[in-house]
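Chain A is the first sequence line, chain B the second, and so forth, proteins listed ahead of strands; every chain is numbered from 1.
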2 protein chains.
Amino acid sequence: MSADEEIGSAREAAEDALVVTFGRLLGVANRLEYLVGRALERECGISHLMYEVLLILGRAGDPGLAMSAIGRAQVLTTGGVTRLIDRMEAAGLVERTDDPADRRGRLVRLTPLGERTAVRATELHRGNLRRLLADQLPGEHWERFADDLRVLSRAVAKEVPRLR
Amino acid sequence: MSADEEIGSAREAAEDALVVTFGRLLGVANRLEYLVGRALERECGISHLMYEVLLILGRAGDPGLAMSAIGRAQVLTTGGVTRLIDRMEAAGLVERTDDPADRRGRLVRLTPLGERTAVRATELHRGNLRRLLADQLPGEHWERFADDLRVLSRAVAKEVPRLR
DNA sequence: CAACAGTAACTGAGCCGTCAGGTATTTGGC
DNA sequence: GCCAAATACCTGACGGCTCAGTTACTGTTG
């Protein structure tokens with residue numbers, strides 16, 4: 001084996017290790033997301049998906065967001081969005097209005113209850129995440145972790161459409 | 001504000017930033033997992049959950065694993081495991097036998113088709129993950145990333161039971 | 001301006017998980 | 001040795017998503 005090949009295979013092994021670790025991280029993250037979501041559901045009565053929609057609508061403000069925009073933000077089919085918003089509307093968290101600019105469309109916006117719920121859910125959710133990290137990650141590593149996570153999540157987010 | 005308080009609040013701000021980033025990473029990872037899972041489903045005809053069960057059973061070998069062990073490895077209720085294994089059995093990927101040591105139990109093990117499918121799926125899955133990382137993360141950062149991911153996923157895995 | 005492709009939201013069928021509750025079997029204290 | 005509690009798996013009802021197809025409206029183009 002030549003020196004070049006040796007370097008190549010070392011690099012490949014490192015690649016492999018990263019791929020495996022990355023796969024494992026995805027699995028763990030997925031499970032975590034699931035558990036944090038259930039905690040939120042117990043404590044706050046809304047699903048994790050609803051929580052994210054509350055955040056999105058909160059940022060959007062008046063006059064609200066189109067159904068299709070919500071579907072794009074979450075990974076949901078139009079049918080899924082319709083039913084999710086149905087439930088949220090029934091729970092009094094959001095309200096639908098006709099879009100004055102396009103008579104096919106509806107706009108969705110938060111109700112006051114929706115706003116309050118978003119605030120409360122955010123506190124609980126942050127608390128859960130913080131508790132999750134607090135005594136596991138040594139403080140002096142946090143900055144580096146934060147940096148890494150930023151880069152990684154940006155890279156990964158960019159790649160999402162590729163696998164569709 | 002005293003110097004101590006200042007340090008405290010700076011640390012708190014760093015904490016906040018990490019928590020937010022971590023939350024975002026979880027969201028992205030979740031979506032990624034979903035998309036990688038669907039890719040696997042298209043290319044290989046098995047769900048992501050089935051894939052993980054194939055891996056677990058592959059490691060377990062003969063005479064197989066109890067249903068409850070599968071449920072513990074994945075985050076699934078016993079009912080969920082029963083139905084998942086039902087489908088995998090119908091697809092010819094696994095087979096159930098009575099547990100000779102406990103007449104309540106059944107043991108699940110891979111069929112030859114299951115073994116072949118596990119190998120093929122692993123290749124495809126690895127390929128997808130690798131493609132995902134390959135041209136997004138600069139090579140010189142890989143080792144550091146791998147290291148961080150290891151620490152992080154260990155920390156996070158340890159925390160999972162806490163949120164139950 | 002009429003035709004038609006494109007887009008927004010909704011809906012019925014189906015899939016896959018949870019939950020709650022059932023039966024068969026094992027186990028540990030008396 | 002017997003009985004209550006624990007355990008292993010299965011099942012019916014249900015929730016929430018996708019898929020595929022529908023209706024209503026818009027924008028483009030000859």
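In this structure, CD1 of B/Ile85 is placed 14 Å from P of C/dC16, rounded to the nearest angstrom. Distance CZ (B/Arg83) to P (C/dG14): 17 Å, rounded to an integer number of Å. Residue B/Leu49 contributes atom CG, which lies 14 Å from atom C1' of C/dC15 at whole-angstrom precision. For the pair B/Leu76 CG and C/dC19 P, the computed distance is 11 Å after rounding to whole Å.
Annotation: side chain of B/Met88 is not in contact with side chain of B/Val108 (no heavy-atom distance under 4.5 Å).
Residue pairs meeting the ring-ring contact (aromatic ring centres under 6.0 Å, His included) criterion with at least one partner in residues 71-104 of chain A, sequence neighbours excluded, are absent. The salt bridge (Lys or Arg N to Asp or Glu O under 4.0 Å) analysis of residues 63-74 of chain B, with sequence neighbours excluded, yields no pairs. Contacts classified as salt bridge (Lys or Arg N to Asp or Glu O under 4.0 Å) and involving residues 59-69 of chain B (residues at least two apart or in different chains) are given here: B/Asp62-B/Arg109. Residue pairs meeting the ring-ring contact (aromatic ring centres under 6.0 Å, His included) criterion with at least one member in residues 90-111 of chain A: none, sequence neighbours excluded. Among residues at least two apart or in separate chains, there is no ring-ring contact (aromatic ring centres under 6.0 Å, His included) pair with a member in residues 71-94 of chain A. Sorted pairs that involve residues 75-98 of chain B and meet ring-ring contact (aromatic ring centres under 6.0 Å, His included), not counting sequence neighbours, are lacking altogether.
Under the rule for a salt bridge (Lys or Arg N to Asp or Glu O under 4.0 Å), B/Glu41 has no partner lying at least two apart in sequence or in another chain. In this structure B/Asp98 satisfies the salt bridge (Lys or Arg N to Asp or Glu O under 4.0 Å) test together with B/Arg106, sequence neighbours excluded. Not counting sequence neighbours, the partners of A/His48 by the ring-ring contact (aromatic ring centres under 6.0 Å, His included) test are A/His125.
Remark: A/Asp102, A/Arg103, A/Arg104 in residues 93-106 of chain A come within less than 4.0 Å of DNA chain D through at least one heavy atom. Listed by residue number, A/Ala66, A/Met67, A/Ser68 are the residues of residues 55-73 of chain A with a heavy-atom contact under 4.0 Å to DNA chain C.
You can see that DNA chain D meets the heavy atoms of chain A within a 4.0 Å-exclusive cut from D/dG16 to D/dT26, reading 5' to 3'.
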